[in-house]
Amino acid sequence: MKTFYITTPIYYANSLPHLGHLYTTLVADAIVRHKRQRGFDTFFLTGTDEHGINIQRAAETNNRTPKEQVDYISGELKRMFHDFRLDTENGGYDIFMRTTAPFHYEGVTNLWREICKNKTPKGNSTIYKGFYEGWFCAPCAAFKLEDEYKIIEGSDIPLCLIHERPLDKVSEESYFFRLSDYDETLLKIIEENPNKIRPEARKNEVVSFIKQGLQDLSISREKKSVSWGIPVPDDPNHVMYVWLDALSNYITAIGYGNSEKTGFDKYWQNVTHLVGKDILRFHTIYWWSFLLAAGLEVPETVYAHGMWLDAEGRKMGKTLGNVIEIDVLQAHFQTDAIRYFVLREMVFGQDGKFGYENLIERANADLASGLGNLSSRTLTMITKYRDSAIPGGKISEPNYLNAKRHGINADEQELVSVLAHARDEFIRRFDNFEFSHALETLWNVIKRIDTMISDAKPWVLAKDEENAQILNAVLYRSAETLRWLSVLLYPVMPEASAQIYAQLGLSDDISKINPENLTYGELRAGTKIGASVAVFPRIDKNKVMSEIQQGQPMDNTLSPVGEDKKSSEKTAANNEQPAANEENFITIDDFLKVELRVGEIKIAERIPKADKLLRFEIDLGEEKPRQILAGLAEYYEPETLIGRKVVVVANLKPRMMRGLESQGMICAASLEDGTGENPALATFIENVDIGARLK
RNA sequence: GCCCUUGUAGCUCAACGGUAGAGCGCGCGGCUCAUAAUCGCUCGGUUACAGGUUCGAAUCCUGUCGAGGGCACCA
């Protein structure tokens, strides 16, 4: 039996679930369901990467232990996957991998030992001890990466973003992986197997990266600087660092180096790694080299997909406030509509645009008006004209001419070949990760059947008993097409397809029907159809959009201070629509809904790795100071703000940013179009009491 | 700075050396089985700009302008 193993990246457990996590897992889910239908023996992995300095830091920030932190995040991810029916219970992933699992420790330890035993392609030792040099911040007790320090002009010594003090150049003992010996081997593999890295443009980037020359890779840290990790075998003063630990999950999960899990021999030889384009290099150059060093095969396919941008094509970001919120999707849209949208809208491998409005338009046009309506009109006619039983589809010779007069080809071969061709094309495209095109071919079929119905006019045929056979044929062809579509679309829309299938009166488990074996005519005449219910209810765009906007005022009405120019423009433009026929005024009641209060900044500090956000604790005269995040880091030094009295929007719905809850917003002045001076915090000339309300 | 991709209808994209097309939106007409659905027709493009190669260029080449991406230890 052919096997198929697919993985998503294991998501780093320092931030809450977002669209990126959902998207990749959802695509993998669709692919694996398709392969299962086709009879492949499949395995589907997703999970969390739970070690490293960033987890330690996230844990500290949230007053948790690292273990509590990763339990929390992986729990949230699992909850999201469950909500979107991507978990095992709902026929989704086979394993939710966690790098803190004991079997993973065992597996990685054995992988390390195995790598050590071998030589590189150039005959050198694979792992050696050396010194890792980096910029170290003593108060943080940590090495700083490029985005965690800044270099002031005229100085060579970078400053820590948190402590604003110069970093020390420190070297630390570290194990190194001799990546530099693998360049030729990697290039050879890629050249001989050009489809292993896709899409092609990304493959070329990897190739040119390798050709620049590879440096050896530090694969451990001293325990005193990074404690949260897997110990290096036989050297307890070191823990393994990020990539070796994380990447190897793909094999430990199927039993490499441990006896708890099984399936390595079966599954590893045909694995597809789905990754975001931002981590492609690690999944090719690093990962393949580790595998080669351990004497293992490199993956069959590594596919780098694009990123979701907002409706205007800008990157999504917390500070921009243009993020697609998972709970909004969950609250307002059918899971199947979301699945369809992401697979149809993004040409896989390129970036795609995601806006709630686009989602609604797609769902209404393609699902409600397209597939849903075809299903509805077909089933209704069968109920009405044929007493809810599927009629026979054959047209006998005496009726040939009559059929032709009604625009119907008596020979069903034409439709048979249309369906077969669409099916083949769909499968081919799907296998080739061209989901958008795959779906398009099926929608051409829908269009064709809609046209057939309009041409034949069943409501006219029904009036004359002489046309009974022609009417039967029209209804049968439409119903049979729906059966095919249900089977083909199952991986994309598991629930809706099953519903349509059931409404046709069929009771098989659609997830087990191989679309390759679909045969025209297998829908049996006489089958009693089930109750017809709208599978894709039409979405009231104005209503849903206004609900979404009300639900998250911060995202759509108030732009956080100090933001991107275009963002303010677009935000303003969007808001004109709902209020288009109103005067551009609000009432005093509207204004009083906004609770503006005076607060004193008690704590102001930078957030690691966030270049725009500052974290504040602000006293509003309440029991405890509030934690508020604001995008001011580019304009103010946090220390200078402590003690300052500012205007705070006190009743803004709290929201998570960078894993921290922001319980309000600080008011600052800036031009709508973002030109001019930096944003200025609103303050008072006279002395004011903390907690006083502005009105 | 170096390298790569890209610029086609209002929007999203297809045509990859041979008459520029599709979907959505807009406008008109038809139909009533259907979720204001569906069917037909119309409107709509100096293919960013300027040169060049060619019998013929959206397509190949050069340049200009615009957009996006890659250039290592962060998932």
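Naming: A, B, ... by sequence-line order, numbering from 1 per chain.
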**Student:** May I ask you to say what A:Y385 touches in the nucleic acid, namely base, sugar-phosphate or nothing, with a heavy-atom cut-off under 4.0 Å?
**Tutor:** sugar-phosphate
**Student:** Which residue, A:A201 or A:K457, contacts RNA chain B at a nucleotide closer to its 5' end, judged by nearest heavy atom?
**Tutor:**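 Nearer the 5' end of the strand: A:A201.
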**Student:** Say whether, by atom type as modelled, one donor and one acceptor occur between the side chain of A:D540 and the main chain of A:N542 under 3.5 angstrom.
**Tutor:** yes
**Student:** Counting side-chain heavy atoms from C-beta on, which of B:U35, B:U12, B:C39 comes nearest to A:S376?
**Tutor:**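 Given the options B:U35, B:U12, B:C39, the side chain of A:S376 is closest to B:U35.
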**Student:** So does A:D366 get a backbone contact from the side chain of A:S369, meaning a donor-acceptor N/O pair under 3.5 Å?
**Tutor:** no
**Student:** Can you tell me how far C1' in B:C26 sits from the matching atom in B:U12, rounded to whole Å?
**Tutor:**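 Their C1' atoms lie roughly 16 Å apart.
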**Student:** Quick one: label A:G213 by what it contacts on the DNA or RNA (base, sugar-phosphate, nothing), any heavy atom closer than 4.0 Å.
**Tutor:** base
**Student:** Is there a side-chain contact between A:K447 and the phosphate of B:G23, meaning an N or O under 4.0 Å from OP1 or OP2?
**Tutor:** yes
**Student:** Separation of A:E361 atom CD from B:G25 atom P, in whole Å?
**Tutor:** 8 Å
**Student:** Assign A:S369 to base, sugar-phosphate, or nothing according to its heavy-atom contacts below 4.0 angstrom with the strands shown.
**Tutor:**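 Result for A:S369 = sugar-phosphate.
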**Student:** Out of B:U38, B:C71, B:C73, which has the shortest distance to the side chain of A:R281?
**Tutor:**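 Per side-chain heavy atoms of A:R281, the pick is B:C71.
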**Student:** Taking the minimum atom-to-atom distance to the side chain of A:R377, which one of B:U38, B:C73, B:G40 wins?
**Tutor:** B:U38
**Student:** Of the nucleotides B:A72, B:A75, B:U35, which one has an atom closest to the side chain of A:L214?
**Tutor:** B:A72
**Student:** Does the pair A:Y128 and A:Y175 meet the rule for a side chain to side chain contact (heavy atoms under 4.5 Å, CB included), with working shown?
**Tutor:** CA-CA 6 Å; A:Y128 63 93; A:Y175 287 94; over 6 Å; no
**Student:** Report which part of the nucleic acid A:K315 touches: base, sugar-phosphate, or nothing (heavy-atom distance under 4.0 Å, all strands).
**Tutor:**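 If one applies the 4.0 Å heavy-atom cut-off, A:K315 turns out to touch the sugar-phosphate alone, with no base involved.
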**Student:** With heavy atoms under 4.0 Å as the rule, sort A:R202 into base, sugar-phosphate or nothing.
**Tutor:** sugar-phosphate
**Student:** Using a heavy-atom cut-off of 4.0 Å across all strands, would you classify A:T380 as base, sugar-phosphate, or nothing?
**Tutor:**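 The answer is sugar-phosphate, as A:T380 gets under 4.0 Å only of primed atoms, P, OP1 or OP2.
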**Student:** Nearest to the side chain of A:D278, heavy atoms from C-beta on, is which of B:C73, B:A75, B:C74?
**Tutor:**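 Among B:C73, B:A75, B:C74, the one nearest the side chain of A:D278 is B:A75.
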**Student:** Using the C1' atom on both, measure B:A9 against B:G25 and round to a whole Å.
**Tutor:** 11 Å
**Student:** Please determine, for the side chain of A:I279, which listed nucleotide (B:C39, B:C33, B:A75) has the closest atom?
**Tutor:** B:A75
**Student:** Base, sugar-phosphate, or nothing: which does A:N204 touch, judged by heavy atoms less than 4.0 Å apart?
**Tutor:**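 Answer is nothing: A:N204 stays at 4.0 Å or more from every strand.
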**Student:** What does A:E440 touch in the nucleic acid at a heavy-atom separation under 4.0 angstrom: a base, only the sugar-phosphate, or nothing?
**Tutor:**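 Nothing, no nucleic acid heavy atom in range.
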**Student:** Could you please name the option among B:U38, B:A75, B:C73 that lies closest to any side-chain atom of A:D450?
**Tutor:** B:U38
**Student:** For the residue pair A:R198 and A:Y303, would you count it as a cation-pi contact if the rule is NZ or CZ under 6.0 angstrom from the ring centre and within 45 degrees of the ring axis?
**Tutor:**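 Geometry flag: not set, cation outside 6.0 Å or 45°.
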**Student:** Within 45 degrees of the ring normal and closer than 6.0 Å to the centroid, is that where the cationic atom of A:R362 sits relative to A:Y340?
**Tutor:**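 So A:R362 doesn't make the cation-pi contact.
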**Student:** Under 4.0 Å, counting only non-hydrogen atoms across every strand here, what does A:A368 touch: a base, just sugar-phosphate, or nothing?
**Tutor:** base
**Student:** When we call it a touch if two heavy atoms are under 4.0 Å apart, what does A:K203 touch: a base, just sugar-phosphate, or nothing?
**Tutor:**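 Nothing, no heavy atom under 4.0 Å.
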